[in-house]
There are 2 protein chains.
Amino acid sequence: MSASPTMSEQWLSTLQNSGYRLTGPRRVIVEIMAACERALGPLELFDLGRKEQPGLGLVTVYRTLEKMEELGLVQRVHQPNGCHMYLPAARGHQHLIICQQCGKAEYFEGEDMEAFFNQVAGEHGFTLREHWLQLFGLCANCK
Amino acid sequence: MSASPTMSEQWLSTLQNSGYRLTGPRRVIVEIMAACERALGPLELFDLGRKEQPGLGLVTVYRTLEKMEELGLVQRVHQPNGCHMYLPAARGHQHLIICQQCGKAEYFEGEDMEAFFNQVAGEHGFTLREHWLQLFGLCANCK
DNA sequence: TGTATAATTGAAAAAGATTTTCATTATCAA
DNA sequence: TTGATAATGAAAATCTTTTTCAATTATACA
């Protein structure tokens, strides 16, 4: 029906082109994540995945998330409690604002921010290797 | 010797004024954290503390850190692996640049950044409640 | 279309960090 | 000093994430 490949088809191709095999469990996980509008934890993803793929193992969820992150398909969200959630990484590294209630996430950009971060690092004698910027709050629906 | 109260004396007063008792283990933990120049993990703090207070328990370290954070004396540092480290929160909430090698941390300010974050949140219909900005890299010594 | 091989899988166990439980000990107000 | 109660440390419990391992499966190639 759709002329252009769907997001999950693109992701599956990326996995395959990177030398990973396409398997049932992997397809299911990729499909859920590619269509996801909010941050999901591994366990949530596992529960959703089991509906499609009853035998799915939690370990496979972790392993697939790891690969998707490595390929830049998915972005890790760090939570205050130390656990992680995952979001589609639509357009490379972006900054996030996340609803503390429902997990809804939106992306925002700050063009000049990266330059600013590099400048700050330089002023302190540091070489910058990674940066995190996450905003937490309540979305329009939850407040 | 010192006319003005030391940092750790100030912290101990804060604890006491907040209704917490002053105990040996607590004093040791406070003294280490108040004098600390780099981010420490609970286990590191525990090891350092045991040198002063051999019977010290790891649980007490966690509980004391919790109280110090609650009182704004200490700031939690979120690590990529999900574990936490702690730093003196010298002047309220500040942004951090942390050495991935040695844990050395420096603070920086971005006066206009808080305003920017609020604006971003507003544009997305969010009410901002918390923000994280952490830079990771290598310090002058480690690179 | 088989077939070999190497990647992938899921269960169970292990590893770590953090929290809870609980009996004992210590602080501090009266 | 004493009594109420906060704080302590050990052990056990939780929870997330990782590792191990034998069985299964995708894929390249004959």
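When reading the values below, keep in mind they use all heavy atoms of this one structure, side chains included, and skip hydrogens, waters and symmetry mates. Please read these numbers as outputs of a predicted model, since none were measured by experiment. Note on naming: letters A, B, ... go to the chains in the order of the sequence lines (proteins, then strands), and numbering restarts at 1 for each one.
At the heavy-atom level, R63(B) lies under 4.0 Å from base atoms of the strands shown. G55(B) comes within 4.0 angstrom of the backbone, heavy atoms only, and of no base.
Minimum atom distance to the side chain of R50(B) is reached by dA10(D), of the listed dT18(C), dT17(D), dA10(D). Relative to the side chain of T60(B), the nucleotides dT8(C), dT18(C), dG9(D) differ in distance, and dG9(D) lies closest. Of the candidates dA11(C), dA7(D), dG9(D), the closest approach to any side-chain atom of K67(B) belongs to dA7(D).
H84(B) has no side-chain polar atom (N or O) that falls below the 4.0 Å cut-off from OP1 or OP2 of dA17(C). In this model, the phosphate group of dT9(C) is approached by a side-chain N or O of R26(A) to a distance below 4.0 Å at OP1 or OP2.
As rounded to whole Å, 16 Å separates atom C1' of dT25(D) from atom CG of L56(A). Atom CG in L43(B) sits about 16 Å away from atom P in dA15(C), given to the nearest Å. Nucleotide dT8(D) holds its P atom 12 Å from the CG atom of L65(B), rounded to whole Å. Atom-to-atom, CD of E69(A) to C1' of dT18(D) comes out at 15 Å; the value is rounded to the nearest Å. Distance, L12(A) CG to dT8(C) P: 13 Å, rounded to whole Å. Distance Y62(A) OH to dC15(D) C1': 9 Å, rounded to the nearest Å. One interatomic measurement links the two molecules: CD of Q53(A) to P of dT25(D), which rounds to 11 Å at whole-angstrom precision. Computed from coordinates, the E44(B) CD to dT18(C) P distance equals 12 Å when rounded to whole Å.
Of the residues listed (K51(A), Q53(A), M33(A)), the one engaging V28(A) in a side-chain contact (heavy atoms from CB on, under 4.5 Å) is Q53(A), and it is the only one.
The two residues E130(B) and Q100(A) make their nearest non-hydrogen contact at OE1-NE2, 3.6 Å.
Of the charged side-chain nitrogens involved, at least one lies within less than 4.0 Å of a carboxylate oxygen, so that E106(B) and K104(B) count as a salt-bridged pair. No salt bridge links E31(B) with R26(B); every basic N to acidic carboxylate O contact stays at or beyond 4.0 Å.
Ring centers of W132(B) and H78(B): under 6.0 Å apart, within the cut-off. Ring pair H95(A)/H131(B): centre-to-centre distance not below 6.0 Å.
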Contact pattern, 5' to 3', of nucleotides 24-30 of chain C - B, S or - by protein heavy atom under 4.0 Å: --BBS--
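E70(B) and Y20(B) form a side-chain donor-acceptor contact under 3.5 Å, judged by distance and modelled atom types alone.
Residue-to-nucleotide proximity on DNA chain C shows that, of P25(A) and E66(B), the 5′-proximal contact is made by P25(A).
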